[in-house]
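Report on the structure given below.
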Amino acid sequence: PGTDAAPLIDGTSVKGRARDVHSPIDGATIGTVQEGDEVIVASAIAAAAANFASWDGAGAATRADSLTRSGDLIEQNRGRLIALLQGEGGKTLDDCVSEVREAADFCRYYAAQARTTLTPQALPGPTGESNTLRYRGRGVVVCISPWNFPLAIFIGQVAAALASGNAVVAKPAEQTPLVAFEAIKLLHAAGVPAGALHFVPGDGGIGAMLVADSRVAGVVFTGSTEVARLINRALAARGGPITLLIAETGGINAMIVDAT
């Protein structure tokens with residue numbers, strides 16, 4: 001299905017560098033994407049930083065409610081998402097159905113975790129003293145997802161970071177921006193504030209710009225081991241507080257294909 005995608009900053013679509021998106025099935029043009037640039041990257045991170053405190057302060061229950069509604073909306077819009085997963089990702093119907101279910105499950109899982117583990121907890125202490133354990137978000141978290149699970153892993157990264165009280169700047173794989181854009185719109189419709197969730201499509205150069213910004217407090221990455229090491233070295237070279245890196249990597253196993 002034809003569609004368009006563009007950077008979203010505070011919920012507002014921003015014009016960037018336009019290019020066509022092609023289906024891996026037959027090379028047909030299925031939509032267009034406006035990609036980010038240095039100015040858009042800086043604006044997205046600034047907007048996320050400005051809205052972090054309010055989202056973190058909203059509390060775990062409020063964040064969990066938004067994610068639960070997100071899971072519901074993903075299921076309710078499964079037809080549109082499945083069509084994009086097929087056209088843009090080249091997936092089979094069975095794989096598409098499973099991926100939509102996994103994306104919804106991620107939202108509900110992290111909502112449940114927020115309600116059970118991130119709410120304030122009373123701690124023991126001396127008589128007359130009150131002690132409470134409270135969890136806080138880290139700040140701006142950049143989520144960089146892969147093309148092979150362009151909805152499920154994209155949503156899983158974003159949902160985990162949002163549940164923890166972080167403001168998110170999400171960058172999908174350059175091959176699959178359309179389904180990610182649809183997902184972001186659903187999360188906004190479910191009640192995730194536009195100021196807490198921003199979208200910057202683009203290639204690896206955009207990812208590098210996001211990672212390099214000193215305002216970023218954490219990076220969640222799924223992709224190649226080589227790129228994960230580059231991100232790790234870039235973050236380690238910073239001064240100041242240690243920057244969180246969660247990396248799920250692959251590309252180290254052999255694949256043997258039997259044509260029979």
Side-chain angles (χ1 to χ4, degrees), residues 1-9 11-37 40-41 44 70 73-107 143-158 169-190 197-210 221-224 226-227 248 250-251 255 257-259:
T3 191
D4 297 319
L8 287 174
I9 300 176
T12 300
S13 179
V14 179
K15 285 190 176 182
R17 299 169 295 186
R19 69 168 177 86
D20 292 335
V21 179
H22 301 283
S23 173
I25 298 172
D26 56 8
T29 299
I30 57 173
T32 61
V33 59
Q34 303 274 337
E35 295 187 319
D37 55 25
I40 292 171
V41 165
S70 297
L73 282 183
I74 287 170
E75 284 195 334
Q76 292 167 20
N77 290 271
R78 60 185 176 273
R80 173 67 172 165
L81 295 171
I82 286 171
L84 284 169
L85 285 168
Q86 285 187 303
E88 185 180 38
K91 287 177 171 278
T92 66
L93 181 58
D94 285 347
D95 283 345
C96 293
V97 171
S98 296
E99 184 154 357
V100 169
R101 289 173 175 170
E102 185 177 1
D105 285 347
F106 269 134
C107 291
C143 295
I144 303 174
S145 55
W147 57 267
N148 58 334
F149 289 94
L151 180 64
I153 291 180
F154 179 81
I155 286 290
Q157 292 179 344
V158 169
V169 179
K171 192 204 87 66
E174 61 186 286
Q175 298 91 341
T176 52
L178 304 182
V179 67
F181 184 69
E182 291 293 317
I184 291 289
K185 292 191 294 183
L186 291 177
L187 265 63
H188 285 164
L197 176 58
H198 310 268
F199 179 72
V200 181
D203 59 14
I206 297 300
M209 291 181 198
L210 289 165
F221 170 79
T222 300
S224 72
E226 178 185 4
V227 173
E248 177 193 6
M255 176 181 290
V257 179
D258 184 351

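Predicted model only: the values in this text are computed from it and were never measured.
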Nearest-0.5 Å distance, CG of residue L210 to CD1 of residue I40
11.0 Å
Hey, is the main chain of A28 close enough, under 3.5 Å, to the side chain of S23 for a donor-acceptor pair?
no
Heavy-atom closest pair, residues A170 and V158
CB-CG2, 3.9 Å
Are side-chain heavy atoms of S13 and P7 found at a separation under 4.5 Å?
no
Mark yes or no for whether K15, through its side chain, and Q34, through its backbone, hold a donor-acceptor pair below 3.5 Å.
no
Find out whether the Lys NZ or Arg CZ of K91 is both under 6.0 angstrom from the six-membered ring centre of F149 and within 45° of the ring's axis.
yes
List, one per line, each side-chain donor-acceptor pair under 3.5 Å for residues 172-185, sequence neighbours excluded.
from : atom 1 : to   : atom 2 : distance (Å)
E182 : OE2    : K185 : NZ     : 3.3

From I82 CD1 over to D95 CG, what is the distance, rounded to the nearest 0.5 angstrom?
11.0 Å
If you look at every heavy atom in V200 and A44, which pair is closest and at what distance?
CG2-CB, 3.7 Å
Quick check: closest heavy atoms across I9 and H198, and the distance to 0.1 Å?
CA-ND1, 3.7 Å
Straight-line distance of L187 CG to F199 CZ, nearest 0.5 Å:
12.0 Å
How long is the gap from CD1 on I153 to CD on E102, to the nearest 0.5 Å?
7.0 Å
Using the test side chain to side chain contact (heavy atoms under 4.5 Å, CB included), find all partners of D20 that sit at least two apart in sequence or belong to another chain.
H22, T29, T32
Do you know which two heavy atoms are closest between M209 and D37, and how far apart they sit?
SD-C, 4.2 Å
Using 0.5 Å steps for rounding, measure from the CD1 atom of I155 to the CG atom of D105.
12.0 Å
E88 versus I30, closest heavy-atom pair with distance:
CA-CD1, 3.5 Å
Restricting to non-hydrogen atoms, name the atom on G90 and the atom on I25 that form the minimum distance, rounded to 0.1 Å.
CA-CG1, 4.0 Å
Within the structure provided, determine whether L85 and V100 are in side-chain contact (heavy-atom separation under 4.5 Å).
yes
Mind checking whether L186 and L81 have side chains closer than 4.5 Å, heavy atoms only?
yes
Drop me the distance from C143's SG to F221's CZ, to the nearest 0.5 angstrom.
12.5 Å
Using only atom types and a distance under 3.5 Å, with no angle test, would you say the side chain of R17 pairs donor to acceptor with the backbone of G36?
yes
Whether E99 side chain and L151 backbone form a donor-acceptor pair below 3.5 Å
yes
Quick check: does any side chain N or O of R78 sit under 3.5 Å from a backbone N or O of E75, one acting as donor and the other as acceptor?
yes
I want to check something: taking the side chain as every heavy atom from C-beta on, are I206 and E35 in contact at a cut-off of under 4.5 Å?
no
